[in-house]
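Input: a single structure, listed below in structure tokens.
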2 protein chains.
Amino acid sequence: MNILEKISNELDTLSKSERKVAEVILSSPSTVIHSSIAALAKQANISEPTVNRFCRRLDTKGYPDFKLHLAQSLANGTPYVNRHVDENDSADEYTAKIFESTMANLELARKSLDTSLINRSVDVLTQANKISFFGLGASAIVAHDAQNKFFRFNVPVVYFDDILMQRMSAINSRQGDVVIVISHTGRTKSLVEVANLAKENDATVIGITTTGTPLAKECSIVLSLDVSEDTDLYMPMSSRIAQLALIDVLATGFTLRRGSKFRDNLKKVKDSLRSSRFDRKE
Amino acid sequence: MNILEKISNELDTLSKSERKVAEVILSSPSTVIHSSIAALAKQANISEPTVNRFCRRLDTKGYPDFKLHLAQSLANGTPYVNRHVDENDSADEYTAKIFESTMANLELARKSLDTSLINRSVDVLTQANKISFFGLGASAIVAHDAQNKFFRFNVPVVYFDDILMQRMSAINSRQGDVVIVISHTGRTKSLVEVANLAKENDATVIGITTTGTPLAKECSIVLSLDVSEDTDLYMPMSSRIAQLALIDVLATGFTLRRGSKFRDNLKKVKDSLRSSRFDRKE
DNA sequence: AGTGAGTATGAAATTTTATTTCATAATTTT
DNA sequence: AAAATTATGAAATAAAATTTCATACTCACT
């Protein structure tokens with residue numbers, strides 16, 4: 001709770017001298033956080049112990065602790081929240097809202113993740129003979145991105161954003177293959193079918209989707225990602241970003257599991273791109 | 001400025017012992033604000049003067065002042081900081097680090113954006129005869145995603161992640177066309193050339209890139225997105241996510257500019273997908 | 001390897017700051 | 001108006017932070 005509010009609430013339960021302290025603090029809190037107890041006492045024309053008693057009355061441990069609370073209250077504490085864009089927002093406003101919602105949703109997504117399942121997924125991925133990423137629409141780009149990352153690891157990886165190719169690929173899968181199916185809604189019929197096909201062909205199916213969806217039921221491992229989309233705009237936004245962050249997590253887990261020699265290889269892959277770039281003059 | 005960010009930024013300018021202090025603080029900042037300098041010193045296995053020197057190096061007056069700053073940073077919503085993944089991190093740890101770094105970088109990216117330029121870009125986009133998105137590698141998926149979004153607006157939009165197609169498309173562009181070129185490094189030769197080609201053919205070229213890169217110099221409008229990538233892992237991570245958030249911003253600006261009737265249309269597009277999905281039983 | 005300049009570190013001393021104790025003053029109750 | 005209660009500050013004490021300084025370490029150069 002904001003301590004400044006608390007001070008003004010309890011103003012009348014305070015003694016005369018304590019109220020003097022309160023008034024000095026309320027009138028310029030930002031000065032107070034840089035004052036010692038002696039300076040504040042002098043400013044309020046009272047003694048140091050009075051300041052100390054004042055602090056304790058506000059349920060703080062003492063003056064330094066009180067200052068900490070005060071500092072926190074002063075820090076304009078707007079945590080990231082999901083704010084919907086409004087028709088009349090300026091560019092400034094909708095930009096801020098979108099970035100903030102994205103961050104708020106990443107936070108939500110992280111909370112819905114079960115890291116032990118991530119660990120198991122990484123296990124399965126490092127062991128895989130072949131890795132396939134399937135997605136449609138906005139999730140297709142996530143699958144695409146995943147291919148781009150895992151390709152660098154020099155493992156057999158494909159991605160498909162085409163229903164027929166996905167089906168054919170799923171039917172051809174076998175034990176030791178890992179199929180990662182990405183869908184925010186988890187209700188896209190053809191993807192659910194593909195997941196089922198892959199499972200019936202003994203592939204390990206990892207789903208990146210929302211908890212409790214039809215797709216989730218078909219998967220061997222469900223990496224649940226619960227985010228709240230801004231449905232007013234009729235476009236997938238936060239969901240695909242959370243999915244990408246999860247891909248980063250899986251890819252990172254993969255490289256860590258493979259050890260340091262493997263990571264030197266990644267550097268080589270990256271360095272191979274150098275000649276396609278303009279030098280950085282420093 | 002957030003002091004936690006500052007600590008992780010300056011991590012490599014610190015001495016060995018000071019870095020120990022930094023690590024203890026980063027790993028549990030909320031404990032530290034209730035610790036004395038002695039307690040923190042003990043926790044980090046170093047001496048009290050070292051803690052003091054550490055605080056001063058971060059431009060604070062001393063330990064109490066440092067705690068004040070820390071308290072403010074913690075109060076400020078969320079202590080998202082760019083923390084690099086370490087070789088021995090557990091799944092829990094690297095997951096947290098990646099999500100947090102992503103959020104921290106989104107915050108950074110937002111700060112580097114100039115909303116008046118976003119406004120101009122939206123102007124230009126709503127007026128465009130044709131919109132093209134170009135990207136390579138990780139930025140290709142951003143271009144892909146942008147196409148997916150703008151396609152819903154029923155405007156002529158294409159994306160290319162192939163150098164030759166990009167060149168051909170750039171050469172065929174003309175006044176009234178908008179070309180959006182996406183590249184984190186801004187140094188990919190072929191993309192810089194494509195931007196130049198498009199410009200010479202009178203298209204409006206919008207660059208989504210880092211400030212001051214060769215690509216930025218070729219663009220009519222530069223939407224600068226400065227993020228700090230975790231270079232240890234040799235993979236693009238935060239950059240593409242920031243780019244996607246920016247695409248969301250542009251797409252949102254576009255729909256807002258077009259008015260409410262236009263948004264009803266978006267709903268229709270979304271509803272058209274319904275039959276491809278399993279019903280939600282509620 | 002050895003030497004020396006420069007830097008980093010911690011033990012101890014000092015200073016600053018906060019808290020406790022206790023005597024006295026102010027206020028309230030009877 | 002006396003007694004009881006509460007509020008207050010001076011002084012003492014305790015705690016915390018900072019400074020000083022001697023020593024250990026690091027790195028560049030023989």
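Order of the sequence lines fixes the chain letters, A, B, ..., with proteins taken first and strands second; residue numbering starts at 1 for each chain.
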Checklist outcome for this item: Testing dG9(D), dT19(C), dA17(D) for proximity to the side chain of Asn52(B), the answer is dA17(D)
Next on the checklist: The side chain of Ser17(A) is closest to which nucleotide in this list: dT17(C), dA11(C), dT8(D)?
Outcome noted: dT8(D)
Checklist entry - So which nucleotide from dT8(D), dA16(D), dA11(D) ends up closest to the side chain of Ser15(A)? => result dT8(D)
Checklist entry - If you measure from the Lys or Arg side-chain nitrogens to the Asp or Glu carboxylate oxygens, is any gap between Arg120(A) and Asp114(A) under 4.0 Å? => result no
Item to check | Between P of dA17(D) and CZ of Phe66(B), the distance in whole Å | outcome: 12 Å
Checklist entry - Where the side chain of Glu18(A) is concerned, which of dA18(C), dT9(C), dT8(D) is the nearest nucleotide? => result dT8(D)
Next on the checklist: Taking the basic N atoms (NZ, or NE/NH1/NH2) and the acidic carboxylate oxygens, is any pair closer than 4.0 Å for Asp248(A) and Arg240(B)?
Outcome noted: yes
Item to check | Audit row: Glu10(B), Arg57(B), salt bridge (Lys or Arg N to Asp or Glu O under 4.0 Å) steps and yes/no | outcome: CA-CA 9 Å; Glu10(B) 307 215 345; Arg57(B) 198 172 297 251; over 6 Å; no
Checklist entry - Rounded to whole angstrom units, what separation is found between the CG atom of Asn45(A) and the C1' atom of dG9(D)? => result 13 Å
Next on the checklist: Whether Arg110(B) and Glu107(B) form a salt bridge (side-chain N of Lys/Arg under 4.0 Å from carboxylate O of Asp/Glu) is what I want to check.
Outcome noted: yes
Item to check | Interatomic distance where OH belongs to Tyr63(A) and P belongs to dA17(D) [whole Å] | outcome: 14 Å
Checklist entry - Salt-bridged, Asp123(A) to Arg257(A), with N to O below 4.0 Å? => result yes
Item to check | Leu68(B) CG - dA17(D) P separation (whole Å) | outcome: 12 Å
Checklist entry - Of all the nucleotides listed (dT8(D), dT9(C), dA16(D)), which has the minimum atom distance to the side chain of Thr50(B)? => result dT9(C)
Checklist entry - Of Ala38(B) and Lys16(B), whose nearest nucleotide on DNA chain D comes first from the 5' end? => result Ala38(B)
Next on the checklist: Nearest whole Å is fine: how far is dT18(D) P from Leu40(B) CG?
Outcome noted: 12 Å
Checklist entry - Please give, in whole Å, the distance from dT19(C) P to Glu48(A) CD? => result 10 Å
Next on the checklist: Between P on dT8(D) and NZ on Lys42(A), what's the gap in Å once rounded to a whole number?
Outcome noted: 21 Å
Item to check | Selection from dG9(D), dT18(D), dG10(C) that lies nearest to any side-chain heavy atom of Pro49(A) | outcome: dG9(D)
Checklist entry - To the nearest Å, how far apart are Arg53(B) CZ and dT7(C) C1'? => result 11 Å
